[in-house]
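Please read these numbers as outputs of a predicted model, since none were measured by experiment. Below, chain A is the first sequence line, B the second, and so on; all start at residue 1.
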Number of protein chains: 2
Amino acid sequence: MPADDKQIPSVWARPRPDRRQPLLTRESIVAEAVRLLDEEGLDNLSMRRLGSRLGAGATSLYRHVASKDELLELALDAVYEELPLPDTGDWRTTVTEVARAMRATILRHPWLAAKLGDAGLAYLGPNMLRQSEFVLGVMEDAGFPLAEADQAVTTVMAYVVGISTGEAAWLSTVARSGLSEQELTEKLWPAAEQAVQDYPRLRARYAQQRDGDTSGVNQDTFEYGLQRVLDGLQARLA
Amino acid sequence: MPADDKQIPSVWARPRPDRRQPLLTRESIVAEAVRLLDEEGLDNLSMRRLGSRLGAGATSLYRHVASKDELLELALDAVYEELPLPDTGDWRTTVTEVARAMRATILRHPWLAAKLGDAGLAYLGPNMLRQSEFVLGVMEDAGFPLAEADQAVTTVMAYVVGISTGEAAWLSTVARSGLSEQELTEKLWPAAEQAVQDYPRLRARYAQQRDGDTSGVNQDTFEYGLQRVLDGLQARLA
DNA sequence: GCAGGACGCGCACGCCGTACGCTAGGATGA
DNA sequence: TCATCCTAGCGTACGGCGTGCGCGTCCTGC
């Protein structure tokens with residue numbers, strides 16, 4: 001028994017931890033995990049750090065979650081809950097909005113991209129299922145037979161995830177560097193210019209984009225590709 | 001001096017390590033890393049394990065490589081070297097072949113998908129640059145202005161990476177489980193069917209695919225989406 | 001008043017990436 | 001020939017990781 005205890009005048013005065021409702025719940029753990037991931041990224045999430053943010057020890061988390069991997073799957077699905085299911089009446093408008101929302105979500109939680117990279121697009125979280133069912137329905141109503149609707153949805157989602165992954169990786173790099181996007185761009189520019197020197201088209205592209213607004217360019221490219229994908233699908237309905 | 005030395009009759013008989021050419025080179029390290037990654041996946045690559053496969057200690061690797069992260073970037077680019085640059089004369093045929101080769105490469109090295117998830121599509125490895133320049137040239141020759149050619153290439157690549165990511169994640173899961181694809185599918189089927197019960201369209205899709213040939217289905221979906229993307233781009237040339 | 005279960009904690013194990021300083025041997029120049 | 005320096009690889013160590021296990025402590029239902 002350490003002498004420190006003497007600093008508390010009496011044991012009885014020490015506030016007992018209130019165990020009326022439990023300190024940890026699966027929900028609170030997942031929510032805090034998402035917050036930590038957003039702030040610090042995928043490789044800065046450790047069970048110890050997460051536990052201490054919740055005022056608990058690392059191993060206490062295992063009462064509510066089977067493993068770190070399972071926790072990440074729960075976090076993934078928790079984020080999917082943010083996605084709206086906007087039925088606009090027109091399949092193309094609806095799919096466009098879903099795609100934009102998906103991209104926005106990935107950019108808001110850049111670790112999503114890395115996690116999707118090894119979890120795949122098709123695991124069985126309820127929110128993910130809900131979203132798939134919804135979009136599948138929209139495509140079927142638009143006139144695609146179910147099997148093709150499935151392929152169409154997969155195509156759009158693959159595009160969105162693929163392109164957002166690239167952007168998210170860049171955002172993560174920016175966050176890790178501690179610099180602003182502008183500053184990091186300027187810092188890396190010489191190396192990039194050097195690297196593309198032997199490639200005339202890449203060099204020209206870089207020159208065009210110099211001092212450009214990165215996020216605006218990304219947004220434009222996203223919209224461009226999305227509309228091309230939807231054009232390709234729409235042609236099948238004719 | 002431990003007694004074990006006595007087991008060797010004479011110090012002089014012990015073969016001296018031949019230091020004419022060094023045991024480790026950056027190339028040999030990267031090549032072995034790719035092999036290890038292919039066999040055991042991203043989270044089973046550790047510097048210690050890699051070192052011991054090369055007959056060296058973990059820390060020796062750091063003479064040739066600044067960090068594990070850098071090593072992974074080098075491995076990424078090494079794999080990109082496999083990609084062919086097939087000029088067929090027709091942009092659509094060429095892009096189709098590049099896309100197929102890209103998918104095949106990702107499926108051959110499933111860890112690529114996870115790595116791309118946090119490295120992004122656009123870092124500066126020479127082989128990656130070479131490939132970008134090539135495809136950019138093909139699109140420009142097809143009639144796209146340079147800026148749009150860039151967007152078009154990004155669109156196709158995003159699609160390919162996105163869809164291959166999903167497949168690669170599945171392959172990784174299969175590999176980790178130690179079961180065959182067939183066996184794992186059968187084992188997971190009940191849970192999947194259960195999860196999908198409340199969603200009529202998903203349920204119908206699952207029922208249709210029961211006992212289907214997974215890799216054939218994936219291949220078909222890939223081709224379907226790829227042709228839709230290319231349709232959408234082709235329409236811009238008219 | 002008591003049994004049983006739920007919850008959180010502390011400890012320990014075997015991994016990890018990697019910083020640092022050492023040594024043995026080859027290359028170099030006097 | 002010998003002193004010197006450089007290079008590649010090694011051993012040790014540090015701090016951190018995921019997580020299995022057994023302990024106390026409180027809440028609940030009888």
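Of the charged side-chain nitrogens involved, none lies within less than 4.0 Å of a carboxylate oxygen, so that B:E193 and B:R203 do not count as a salt-bridged pair.
Nucleotide C:dG17 holds its P atom 10 Å from the CG atom of B:L61, rounded to whole Å. The interatomic distance linking B:K68 (NZ) with C:dC15 (C1') rounds to 11 Å, in whole Å. Between B:I29 atom CD1 and D:dA8 atom P there is a gap of 11 Å when expressed in whole angstrom units. Atom P of nucleotide C:dG17 and atom CD of B:E70 are separated by 15 Å, given to the nearest angstrom. Rounded to whole Å, the distance from CZ on B:R63 to C1' on D:dT7 is 7 Å. Spacing between atom CG of B:L72 and atom C1' of C:dG17 amounts to 12 Å, rounded to whole angstrom units. Rounded to whole Å, the distance from CG on B:L24 to P on D:dG9 is 5 Å.
Listed pair A:H64 / C:dA6 fails the phosphate criterion, with no side-chain N or O lying under 4.0 Å from OP1 or OP2. Within the 4.0 Å cut-off from OP1 or OP2 of C:dC9, not a single side-chain nitrogen or oxygen of A:T59 is found.
For the segment residues 36-54 of chain A, residues with any heavy atom less than 4.0 angstrom from an atom of DNA chain D are, sorted by number, A:L45, A:S46, A:M47, A:R48, A:R49.
Taking all atoms of both residues into account, the shortest heavy-atom contact from B:V156 to B:L226 is CG1-CD1, 4.4 Å. When every heavy atom of A:A168 is checked against every heavy atom of A:I106, the shortest pair comes out as CB-CG2, 4.0 Å.
A side-chain donor-acceptor contact under 3.5 Å links A:D38 and A:W111.
Interatomic distance, A:L76 CG to A:E81 CD, rounded to the nearest 0.5 Å: 12.5 Å. Expressed to the nearest 0.5 Å, how far CD of B:E40 lies from CG of B:L50 amounts to 11.0 Å.
Mapped onto DNA chain D by nearest heavy atom, A:S67 and B:G57 fall at different nucleotides, with B:G57 at the one closer to the 5' end.
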